[in-house]
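Reviewing the structure listed below.
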Amino acid sequence: MARRLRPVGTDFVETAPVRLVFAREVSAGPEAVFRALAEDVSGWSDWFPAVTLARAAADGAGREVRLRGGTRFEETVLAAEAPRTYAYRVDATNAPGIRALVEEWRLTPTARGTRVQWTFAADGTALFRAGLTLGRAGLGRAFRGAVTALDRRLASAHA
């Protein structure tokens, strides 16, 4: 890994200079969604197209993630509160411009399944922050596509 990032906690989700929040309702229940996020880490590449590799590290306290295009992350799990919250911090990356990054997944039961909310909280150089803001629509599409694919995967597993 080329760069170590600033270690931040879960409070960064609320205080980050750039916060991108996306939400979508799925038919799967919160327990199934939580298991897919927090326990089946290697399965992420099956439903999140940007992810080419994901694996648990440090006996489940961390993750290693690789994205299309070669970006790599070493992460620390900050919260794994079944079945409501899963959050992780990026500790090291080869991506330029990032100073701190936390992603949080909040799961809320609904009458038809689960409301999945993903918060991408980041700090970095002015160019990085501007790029994230400009890239918001693309991240939103990636989130919606991934969560839709996850919901299909969970439905077929229980069919």
Q: Please lay out, stage by stage, how N94 and F73 fare under the test side chain to side chain contact (heavy atoms under 4.5 Å, CB included).
A: CA-CA 7 Å; N94 63 344; F73 299 109; over 6 Å; no

(Q) Determine whether R63 and E103 satisfy the following criterion, salt bridge (charged side-chain N to carboxylate O under 4.0 Å, His left out), listing intermediate values before the conclusion. (A) CA-CA 12 Å; R63 301 168 9 131; E103 295 181 44; over 6 Å; no

Q: Check the pair F120, V18 against side chain to side chain contact (heavy atoms under 4.5 Å, CB included), reporting the backbone distance first and the verdict last.
A: CA-CA 8 Å; F120 190 91; V18 178; 5.9 Å; no

Q: Carefully, step by step, assess D46 and R153 under the rule side chain to side chain contact (heavy atoms under 4.5 Å, CB included).
A: CA-CA 9 Å; D46 294 333; R153 180 180 178 170; 2.9 Å; yes

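In terms of the ring-ring contact (aromatic ring centres under 6.0 Å, His included) criterion, residue partners of Y86 (sequence neighbours excluded) are, by chain and number, Y88. Partners of W47 under the ring-ring contact (aromatic ring centres under 6.0 Å, His included) rule, at least two apart in sequence or in another chain, are W44. Residues satisfying the side chain to side chain contact (heavy atoms under 4.5 Å, CB included) test with S27, not counting sequence neighbours, are D151. Legend: residues meeting side-chain hydrogen bond (donor to acceptor under 3.5 Å, both in side chains) with R55, ordered by chain and number and at least two apart, are E64. Legend: residues meeting ring-ring contact (aromatic ring centres under 6.0 Å, His included) with F48, ordered by chain and number and at least two apart, are absent. For D11, there are no side chain to side chain contact (heavy atoms under 4.5 Å, CB included) partners at least two apart in sequence or on another chain. Remark: Q117 pairs with V21, A23, R106, R115, T119 by the side chain to side chain contact (heavy atoms under 4.5 Å, CB included) rule, at least two apart or across chains. With sequence neighbours excluded, the residues that form a side chain to side chain contact (heavy atoms under 4.5 Å, CB included) with A36 are L150, L154.
Closest heavy-atom contact between P17 and A122: CD-O, 3.4 Å. Nearest approach of A95 to T71, heavy atoms of both residues: CB-CG2, 3.9 Å. Among all heavy-atom pairs drawn from T10 and A79, the shortest one is CG2-CB, 4.3 Å. Considering every non-hydrogen atom in both A58 and G62, the closest pair reads CB-N, 4.1 Å. For the residue pair L5 and L101, the shortest heavy atom distance occurs at CD2-N, 4.2 Å.
In this structure, CG in L53 is found 12.0 Å from CZ in R68, a value given to the nearest 0.5 Å. We find the CH2-OG1 distance between W105 and T114 to be 12.5 Å, quoted to the nearest 0.5 Å. One finds the CG atom of L107 at 7.5 Å from the CZ atom of F34 (value rounded to the nearest 0.5 Å).
Within the 4.5 Å cutoff, the side chain of E104 has heavy atoms near those of the T85 side chain. Looking at heavy atoms from C-beta onward, R152 lies out of side-chain contact with V26 at the 4.5 angstrom threshold. For the pair E75 and V65, the minimum side-chain heavy-atom distance is below 4.5 Å. V147 is not listed as a side-chain neighbour of V33, based on a closest heavy-atom distance of 4.5 Å or more. For the pair L67/V51, a side-chain contact is recorded, criterion being any heavy-atom separation below 4.5 Å from C-beta on.
Every pair passing salt bridge (Lys or Arg N to Asp or Glu O under 4.0 Å) that includes a residue from residues 122-147 is listed here, sequence neighbours excluded: R6-D123, D123-R129. The salt bridge (Lys or Arg N to Asp or Glu O under 4.0 Å) contacts involving residues 22-31 comprise E25-R112, where partners must be two or more places apart or lie in separate chains. Residue pairs meeting the salt bridge (Lys or Arg N to Asp or Glu O under 4.0 Å) criterion with at least one member in residues 90-102, sequence neighbours excluded, are R89-D91.
Other residues sharing a hydrophobic cluster with V13 under the 4.5 Å side-chain heavy-atom criterion for ILVMFWY residues are V8, F12, L78, V102.
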